[in-house]
Amino acid sequence: MDRGLDNGAEAVVIGGMVLDVNATPSTATNRGTTAPGKIRYALGGVARNIAECMSKLGAKPYMISAVGFDLAGNMLLEPWRAAGLSVEGIRRSKDIETATVCIVFDGRGELAAAVASVESIEKFVTPEWITNFKNNICSAPVMMVDANLSPPALLASCQIAAECGTPVWFEPVSVTKSKRVASSVKLITYTSPNEDELIAMANALSSSDKFLPVQKDGKSARTSIKSLFERLKPAIWVLLEEGIKVVLVTLGPHGVFLCFKAVDGIKKHDPSKNSPFFFSRKLYEAVNVSFPPDRILGSPKSKGNYYVAVHFPALPASVVTLVGAGDCLVGGTLASVCSGLDIMQSVAVGMAAAKGAVETESTVPVEYQLARIADDAGAIYSEAKVIYCESKL
């Protein structure tokens, strides 16, 4: 691939490329009959969405996945090539039936029901296929894997990354698939579950069901951020104790919790493997001007082990659909980490990218405006607060 004057390292993204068939009724639905509305084809898949968002923010992700020679596969690859992104890691075969998901939304734009046919990802994105791209993984500033991978493929990916010191981001995908974290937890650097996925992951790692889902009722909207954190804290601590370095819990309209265990003070991201592309450099410069690093945590504490949790609030948004919010949060965060920003700045940019996603009909916005991303991220960053910072004896 010709990159012109850019020579940045490519983040590796491994997981699903999926064609989404989205159905949105225009009236209330009733069992046993059809309802008028709109049906739209959209390019999807958690890993693919994250990679597209990263590319819109200046990163050049290297995708490892599998699609067929069918209509869905062609629809997924055409814009990938048009964007100048590599397709070498995307396996193609006449035996592959491209992953497809049919999604039905309710009148508020939230997912009401869905049927997924994604077996091809597990069947064809194998440990052997992934091993072909060991050099790409080892030269990457970060590797993102989604839980659509089979447990053996997930473990193989993480082991390759561990051998060469490449940080791993695990995206849980769903409550059921999030439990696949158990086989690779010691090798994972970052993870980004929602509340339900967090509980499922903690139970899987504890080999029990002692953590109960957070109840979604009328009272939950009035729950304070502090009390919500206290309810989720035991599950978060399980993930951190098992070896995950950074847990980013997504809370929908309540923002996110960024949680990590700091050893001998607050650790910063090491951008030594990064060589950002031109737009990434512009993002880095704009963010550092708007909100320099260390404003939230300040100086590191004295030596010791500290559990730290930071709450980043969500900005008000004119919501069109919530489909791409979580994926763009991760994509924006990863693109920022690749550009050399620290994790605090990166999460703020990720939340700004998620805001852009919910305000457009497409899963990933057609384009991001750098100035708006920097302004929104700055507003989010300025409101972020440390809600927990205690030593662990």
Side-chain angles (χ1 to χ4, degrees), residues 167 169-172 178 181 185 188-203 205-206 210-214 220 223-269 291 293-315 326 329-330 332-334 336-337 341-352 354 377 379-393:
W169 188 299
F170 174 78
E171 168 50 44
S178 68
V181 70
V185 65
I188 292 170
T189 314
Y190 308 92
T191 189
S192 44
N194 62 27
E195 298 167 57
D196 294 331
E197 291 162 351
L198 169 68
I199 297 300
M201 292 167 71
N203 283 330
L205 295 172
S206 304
K210 66 179 181 179
F211 299 104
L212 300 176
V214 175
S220 63
T223 299
S224 72
I225 292 301
K226 183 67 175 177
S227 63
L228 178 58
F229 173 74
E230 290 298 327
R231 289 158 64 184
L232 296 175
K233 182 172 69 173
I236 296 169
W237 278 191
V238 169
L239 272 61
L240 294 174
E241 286 291 344
E242 287 293 327
I244 297 176
K245 305 297 187 296
V246 177
V247 178
L248 184 66
V249 185
T250 62
L251 309 170
H254 301 300
V256 302
F257 291 139
L258 173 66
C259 309
F260 54 93
K261 183 166 65 173
V263 180
D264 295 335
I266 306 302
K267 285 189 173 180
K268 296 181 181 178
H269 170 71
F291 48 104
D294 298 329
R295 186 178 296 172
I296 296 174
L297 291 176
S299 301
K301 285 180 172 284
S302 58
K303 288 189 176 182
N305 292 349
Y306 288 85
Y307 283 87
V308 180
V310 182
H311 175 247
F312 290 77
L315 290 180
L329 168 65
V330 176
T333 303
L334 283 171
S336 302
V337 168
L341 296 171
D342 71 20
I343 189 62
M344 306 289 175
Q345 295 168 310
S346 297
V347 169
V349 172
M351 293 192 66
I380 294 165
Y381 189 85
S382 67
E383 295 297 322
K385 291 181 174 60
V386 177
I387 58 172
Y388 190 94
C389 184
E390 298 291 340
S391 61
K392 178 77 171 179
L393 301 177

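Only a predicted model underlies this, so the values are computations on that prediction, with no experimental measurement involved.
Remark: the backbone N or O of L341 is not paired with any side-chain donor or acceptor of S336 at under 3.5 angstrom. The backbone N or O of N194 lies less than 3.5 Å from a partner atom in the side chain of E197, making a donor-acceptor pair.
Summarising the geometry of N203 relative to K210, their closest heavy-atom pair is OD1-N, 3.3 Å, with the distance given to 0.1 Å. When all heavy atoms of V310 and A384 are compared, the closest pair comes out as CG1-CB, 4.2 Å. Between Q345 and Y381, the shortest heavy-atom contact is N-CE1, 3.9 Å. Closest non-hydrogen pair, I199 versus A235, comes out as CD1-CB, 4.0 Å. Annotation for A202 and V238: closest pair O-CG1, 4.0 Å, computed over non-hydrogen atoms. The two residues H311 and G255 make their nearest non-hydrogen contact at NE2-CA, 4.5 Å.
Rounded to the nearest 0.5 Å, atoms CH2 (W169) and CD1 (I244) are 11.5 Å apart. Note that the CG atom of L198 and the CZ atom of F211 stand 8.5 Å from one another [nearest 0.5 Å]. Here the straight-line distance linking atom CG of L329 with atom CE of M351 works out to 7.0 Å at 0.5 Å rounding. Atoms CG and CZ, from L258 and F312 in turn, are 5.5 Å apart once rounded to the nearest 0.5 Å. Considering CZ of R231 and CD1 of I236, their distance stands at 12.0 Å, rounded to 0.5 Å. Considering CE of M201 and OG1 of T191, their distance stands at 3.5 Å, rounded to 0.5 Å.
Two residues are said to be in side-chain contact when any heavy atoms from C-beta on lie closer than 4.5 Å; F257 and V247 fail this criterion. Annotation: side chain of Y190 is not in contact with side chain of T333 (no heavy-atom distance under 4.5 Å). Residues C259 and Y388 are not in side-chain contact: their nearest non-hydrogen atoms beyond the backbone lie 4.5 Å or more apart. V181 has its side chain out of reach of L239: every pair of non-hydrogen atoms, C-beta onward, lies at least 4.5 Å apart.
Looking at residues two or more places apart in sequence or on another chain, you find a side chain to side chain contact (heavy atoms under 4.5 Å, CB included) between A200 and V175, S178, K179. In this view, E230 and K226, K233 satisfy the side chain to side chain contact (heavy atoms under 4.5 Å, CB included) rule, not counting sequence neighbours. Residues passing the side chain to side chain contact (heavy atoms under 4.5 Å, CB included) test with A379 are L315, sequence neighbours excluded.
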Please determine whether side-chain contact (heavy atoms from CB on, under 4.5 Å) holds for the pair I225 and K385, giving the CA-CA distance in whole Å, both sets of side-chain angles, and the decisive distance to 0.1 Å.
CA-CA 11 Å; I225 292 301; K385 291 181 174 60; over 6 Å; no

